[in-house]
Structures are given as structure tokens and as C-alpha cells.
Amino acid sequence: MTEVPSARGAEVGRRIGVGLMYGLWKPRVLGAWRVPASGPVIYAVNHSHNIDGPMVMGVAPRPTHFLIKKEAFIGPLGRFLTGIGQLKVDRHSTDRTAIAQALGVLENGGVLGIFPEGTRGVGDFASLRAGLAYFALRSGAPIVPVAVLGSTDRPGRFIKALPPLRARVDVVFGDPFDAGDGSGRRTRKALDEATERIQKQLTAHLENARRLTTR
């Protein structure tokens, strides 16, 4: 039986994230009230910088279990990520353990964080992998689009791989939506259609977030 990551661990991760993100940068959070207060939720987060995941963990109103590439789970960092309820996933194969753990998080009424583009890039939701639609259709959980803006504006003075200290980073939460068409179908066609619907919603949210933040 697959062990589901601990909700308590994710709450510890959230508290650490609060201290780090607000201590090092100046997050501006918009729309957090849109996140359902209870029940399963999937955050669909654009991904253009390494701090995007920790930033969402620190500013989101609920503890988050992110699907993170297995390459990050090395040595002490790997043990730390597991301890704070994060999920290790092999992006190059069908990782049944990660799938079972992610569905378990949702079955327990938790929050699953996904970078639907599958890897760090421009962060514009232009190319989505099918994983997000699969989890949404299987669980019935609503998707909350999340746009992280400003993390790549300019490199830090001392650590080039991070934004400058005290730089403003905007995190904009959108309205929750269902990926399915209401039929309950989980066929390949339904998955493709859901992915198309999701992409339209996420792209619209990103455009709106850019207007709101003038970024």
C-alpha cells in the first residue's frame, strides 16, 4: 500500500515557506480568498523560476503537496522535501507510486500542486502535459490557476540564481474550475478535451494576472 504524504508535514513546510519567502522577498498575493477552504484542490502553477514552488507553498492559504522532479531529492534536501510532504516524481516514465500518492492527497481532501508544463521554462502555459487533466478527472477536484510573476525579472546581486533580496514577486490565484465536461468520462478523448479546456483557462488567468499586476 502506498503511503500518502503527511498533511502535518505539508503544514510545517508552509510555515517554513512563510518565514523564508516573506523574509527574503516581498510577495504580493492576490485572490487567495478564491481557494476553497476545504476539500481537494489542485493548484496549476506556471513555472519559470526555481522559487515558484516554495513561493506558492509560503503564500498559499492551505498547505500544499507539490509534485517535484526526482532529481531534486538528493541527500539532505531529499529527506527535507519528503519530511514536508512533497512528492517525488519521475518525469520520464509512468511513476505509479507518485500517481498513487498524489491521488491519495486529493482523496484525503488535501491540496496538490502541479507545474502542468512539466518543466521550468517561459512559464506561459503554452504547452501542457496530460498529468493535470488526469488528476483532475480521476479525483473530481477543482483546479485553481496560480500565476507567479516577477521571479525572473532580474538576477540577484549576490546570488544570480535567485531574485534580488526584497524584490516584489506577485502570486495571483484564480477562480476554481472543473476540468471535465460533467459526463464523468475518463477516456483518452476526454483527457485530451480536458487538457484543451484547462489550457484555455490557465492562459486566460495568466493574461488577467499580468493586467492586474502590470507585469
Side-chain angles (χ1 to χ4, degrees), residues 5 9-32 35 42-91 98 111-129 132 144-174 202 205-215:
E11 174 58 25
V12 170
R14 189 182 76 84
R15 291 178 185 180
I16 293 171
V18 168
L20 282 176
M21 296 304 115
Y22 284 95
L24 296 173
W25 297 289
K26 292 195 294 185
R28 180 172 63 165
V29 185
L30 303 173
V35 177
I42 300 173
Y43 291 154
V45 186
N46 68 322
H47 195 21
S48 57
H49 198 286
N50 282 329
I51 72 157
D52 295 340
M55 183 62 70
V56 172
M57 284 179 64
V59 306
R62 294 174 59 187
T64 311
H65 303 267
F66 264 101
L67 280 167
I68 300 173
K69 62 184 180 181
K70 71 174 187 178
E71 291 84 355
F73 286 74
I74 298 171
L77 177 60
R79 291 191 290 276
F80 172 72
L81 290 173
T82 300
I84 60 168
Q86 306 310 296
L87 309 175
K88 176 171 63 175
V89 62
D90 184 344
R91 297 174 299 167
V111 179
L112 180 68
I114 294 180
F115 300 114
E117 294 158 293
T119 187
R120 194 170 73 250
V122 179
D124 59 0
F125 294 127
S127 177
L128 302 192
R129 299 176 73 165
L132 174 56
V144 171
V146 186
V148 181
L149 301 170
S151 55
T152 58
D153 281 0
R154 54 197 172 95
R157 182 177 170 189
F158 301 109
I159 304 175
K160 301 295 185 190
L162 295 174
L165 292 177
R166 309 308 298 154
R168 197 187 86 206
V169 178
D170 292 324
V171 182
V172 186
F173 293 86
L202 298 187
H205 171 67
L206 187 59
E207 288 171 0
N208 185 50
R210 285 176 172 152
R211 279 196 299 272
L212 278 173
T213 60
T214 65
R215 284 191 184 269

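By convention here, the first residue in the shown sequence is residue 1.
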* To do: State which residues pass salt bridge (Lys or Arg N to Asp or Glu O under 4.0 Å) with Arg168; sequence neighbours excluded, sorted by chain then number.
  => Asp170
* Asked: Shortest non-hydrogen contact from Ala147 to Ala209?
  -> CB-CB, 3.8 Å
* Structure fact -> Minimal heavy-atom distance between Met55 and Pro27, with the atoms involved, is SD-CG, 3.8 Å
* **Results of side chain to side chain donor-acceptor pair (under 3.5 Å) for Arg14 - residues two or more places apart only** => Glu11
* To do: Evaluate the side-chain proximity of Pro163 to His49: yes if any heavy-atom separation is below 4.5 Å, no if none is.
  => yes
* Can you tell me if His65 uses its side chain to pair, donor with acceptor, with the backbone of Leu112 under 3.5 Å? -> no
* **Residue pair Lys69, Asp90: steps toward the side chain to side chain contact (heavy atoms under 4.5 Å, CB included) verdict** => CA-CA 6 Å; Lys69 62 184 180 181; Asp90 184 344; over 6 Å; no
* Specify the closest pair of heavy atoms between Arg215 and Gly150, including all atoms of both residues, with the distance to one decimal. => NH1-CA, 3.3 Å
* Check: Pro116 main-chain N/O paired with His47 side-chain donor or acceptor under 3.5 Å -> no
* Should we count CZ of Arg15 as having more than 12 external heavy atoms under 6.0 Å? -> no
* Asked: Closest approach of Gly58 and Tyr22, non-hydrogen atoms and distance?
  -> O-CE1, 4.1 Å
* Do His205 and Val172 pass the side chain to side chain contact (heavy atoms under 4.5 Å, CB included) test, and can you show the C-alpha distance, the side-chain angles, and the key distance before you say yes or no? -> CA-CA 9 Å; His205 171 67; Val172 186; 3.8 Å; yes
* So do the side chains of Lys88 and Leu67 get within less than 4.5 Å of each other, counting heavy atoms only? -> no
* Side-chain contact, heavy-atom cut-off 4.5 Å: Leu30 with Val171? -> no
* To do: Determine the minimum heavy-atom distance between Leu202 and Pro145, stating which atoms define it.
  => CD2-CB, 3.4 Å
* To do: Tell me, with the steps shown, if Ile114 and Val45 meet side chain to side chain contact (heavy atoms under 4.5 Å, CB included).
  => CA-CA 6 Å; Ile114 294 180; Val45 186; over 6 Å; no
* Asked: Is the distance between the ring centroids of Phe115 and Phe66 under 6.0 Å?
  -> yes
* Asked: Got Val111 and Pro63 here, is their nearest side-chain heavy-atom distance under 4.5 Å?
  -> no
* Structure fact -> For Phe173 and Val35, the nearest pair of non-hydrogen atoms, with its separation, is CD2-CG2, 3.7 Å
* Asked: How about Val59 and Val169: do any of their side-chain heavy atoms sit closer than 4.5 Å?
  -> no
* Asked: Is the closest side-chain heavy-atom distance between Asn46 and Asp52 below 4.5 Å?
  -> no
* If only atom types and distance count, is the side chain of Thr64 paired as donor or acceptor with the main-chain N or O of Arg62 below 3.5 Å? -> yes
* Asked: Could you walk me through whether Val148 and Val56 pass the side chain to side chain contact (heavy atoms under 4.5 Å, CB included) check?
  -> CA-CA 8 Å; Val148 181; Val56 172; 3.7 Å; yes
* To do: Using a 4.5 Å cut-off on heavy atoms from C-beta on, say whether the side chain of Leu149 contacts that of Leu206.
  => yes
* Asked: Taking the side chain as C-beta and beyond, is there a heavy-atom pair between Ile68 and Val89 under 4.5 Å?
  -> no
